[in-house]
Amino acid sequence: MKVFSLAVVLAPPHQSSTILVQASDLSSFSFYQRGSVGEFLTFFSKTIGERTPQGQRQSVQENNYTAHVYNRGGAEQLAAVIITDHEYPVRPAFSLLTKMLDDFTAKIPQSSYSNPSSISFPDINNYLQKYQDPRQADAIMRVQQELDETKIVLHKTIESVLERGEKLNDLVDRSNALSAQSKMFYKTAKKQNSCCLIM
């Protein structure tokens with residue numbers, strides 16, 4: 001699971017969009033690929049942001065990437081985009097987009113949207129790092145992971161109990177077989193000893 005890019009996009013309806021802030025993690029690409037991949041992520045974020053209707057959420061897959069976008073619309077006309085690999089879960093992605101838009105609108109005045117280079121929003125880099133592992137960032141996923149781990153432990157415990165039970169059953173069967181053999185031995189010995197009584 002990997003987050004490649006986060007972006008906040010100014011997406012007025014029926015107009016071209018503008019990326020206000022963006023953060024990317026291109027460390028998984030070679031040095032020579034990073035420029036091209038970065039341009040693709042910027043283009044993908046901008047395009048998907050402007051093509052998502054206001055008030056809508058959607059996910060779009062392109063090659064090895066999945067873009068999740070939330071176009072909040074409203075007075076701010078903002079959209080948030082996260083680009084991940086296909087394994088990244090949808091729910092934490094959309095919860096991150098909502099949280100990021102809330103923080104952005106609370107900290108950045110709408111008057112600065114016309115000059116994106118003047119916008120300073122360092123929280124986007126923190127989100128990029130924190131949400132690389134969605135289980136750590138998302139409480140429900142963390143609880144689900146703990147439940148899965150508990151379930152694995154219980155299955156192992158049950159398997160060991162069943163194996164122990166099977167071994168006990170084998171011992172009981174052997175004990176019954178020994179008991180039958182010992183009874184036969186006793187009868188045979190009694191028969192042998194009855195013919196030779198010493199007086």
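Keep in mind it's a predicted model, so treat the numbers as computed, not measured.
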Note to self: Is it the case that the side chains of Q58 and T52 hold a donor-acceptor pair, with the cut-off being a distance below 3.5 Å and no angle test?
What the structure shows: yes
Margin query: Under the side-chain hydrogen bond (donor to acceptor under 3.5 Å, both in side chains) test against K2, which residue among T84, D25, D85 passes?
Written below: D25
Next item on the list: Check the hydrophobic clustering (I, L, V, M, F, W, Y; side-chain heavy atoms under 4.5 Å; chains of links allowed) and say if F104 and I82 are grouped together.
Entry: yes
Next item on the list: Taking only Lys NZ, Arg NE, NH1 and NH2, and the carboxylate oxygens of Asp or Glu, determine whether R72 and D102 approach each other closer than 4.0 Å.
Entry: yes
Check: Is there a donor-acceptor pair under 3.5 Å between the side chain of Q132 and the backbone N or O of L128?
Finding: yes
Checklist line | S112 vs S114 side-chain heavy atoms within contact, under 4.5 Å | finding: no
Check: Given F94 and Y70, is the ring-ring contact (aromatic ring centres under 6.0 Å, His included) satisfied, shown in steps?
Finding: CA-CA 7 Å; F94 282 117; Y70 173 37; 7.6 Å; no
Checklist line | Enclosure of R34 CZ (heavy-atom neighbours >12, cutoff 6.0 Å) | finding: yes
Notebook entry, point to check: What's the spacing between L20 CG and L78 CG if we round to 0.5 Å?
Noted result: 6.5 Å
Next item on the list: Any chance you could measure N63, atom CG, to F44, atom CZ, to the nearest 0.5 Å?
Entry: 8.5 Å
Check: Hey, any chance I83 and V21 share a hydrophobic cluster, counting ILVMFWY side chains that come within less than 4.5 Å of each other, even indirectly?
Finding: no
Note to self: For F40 and Y65, I'd like to know if the aromatic rings sit close, meaning centre-to-centre distance below 6.0 Å.
What the structure shows: yes
Next item on the list: Any chance you could measure N125, atom CG, to L6, atom CG, to the nearest 0.5 Å?
Entry: 9.0 Å
Check: Between G74 and Q54, which heavy-atom pair has the shortest distance, and what is it?
Finding: N-OE1, 4.0 Å
Next item on the list: Kindly indicate whether the side chain of V8, heavy atoms from C-beta on, has any atom under 4.5 Å from the side chain of I108.
Entry: no
Next item on the list: Answer whether the closest heavy-atom distance between the side chains of F29 and S36 falls below 4.5 Å.
Entry: no
Next item on the list: Following the transitive rule for hydrophobic clusters with a side-chain heavy-atom cut-off under 4.5 Å over Ile, Leu, Val, Met, Phe, Trp and Tyr, establish whether V90 and V60 coincide in one cluster.
Entry: no
Check: Does some side-chain heavy atom of H68 sit less than 4.5 Å from a side-chain heavy atom of L97?
Finding: yes
Check: Got a second to check how far E76's CD is from Y113's OH, nearest 0.5 Å?
Finding: 5.5 Å
Item checked: I19 reachable from I124 in the ILVMFWY side-chain graph, under 4.5 Å edges -> no
Next item on the list: Determine whether the side chains of T42 and Q22 contain a donor N or O and an acceptor N or O closer than 3.5 Å.
Entry: yes
Notebook entry, point to check: Are L41 and V81 grouped together when hydrophobic residues (ILVMFWY) are joined by side-chain heavy atoms under 4.5 angstrom apart?
Noted result: yes
Check: To the nearest 0.5 Å, how far apart are OG1 in T18 and NZ in K46?
Finding: 6.0 Å
Check: At what distance, to the nearest 0.5 angstrom, does NE2 of H86 lie from CD of E62?
Finding: 9.0 Å
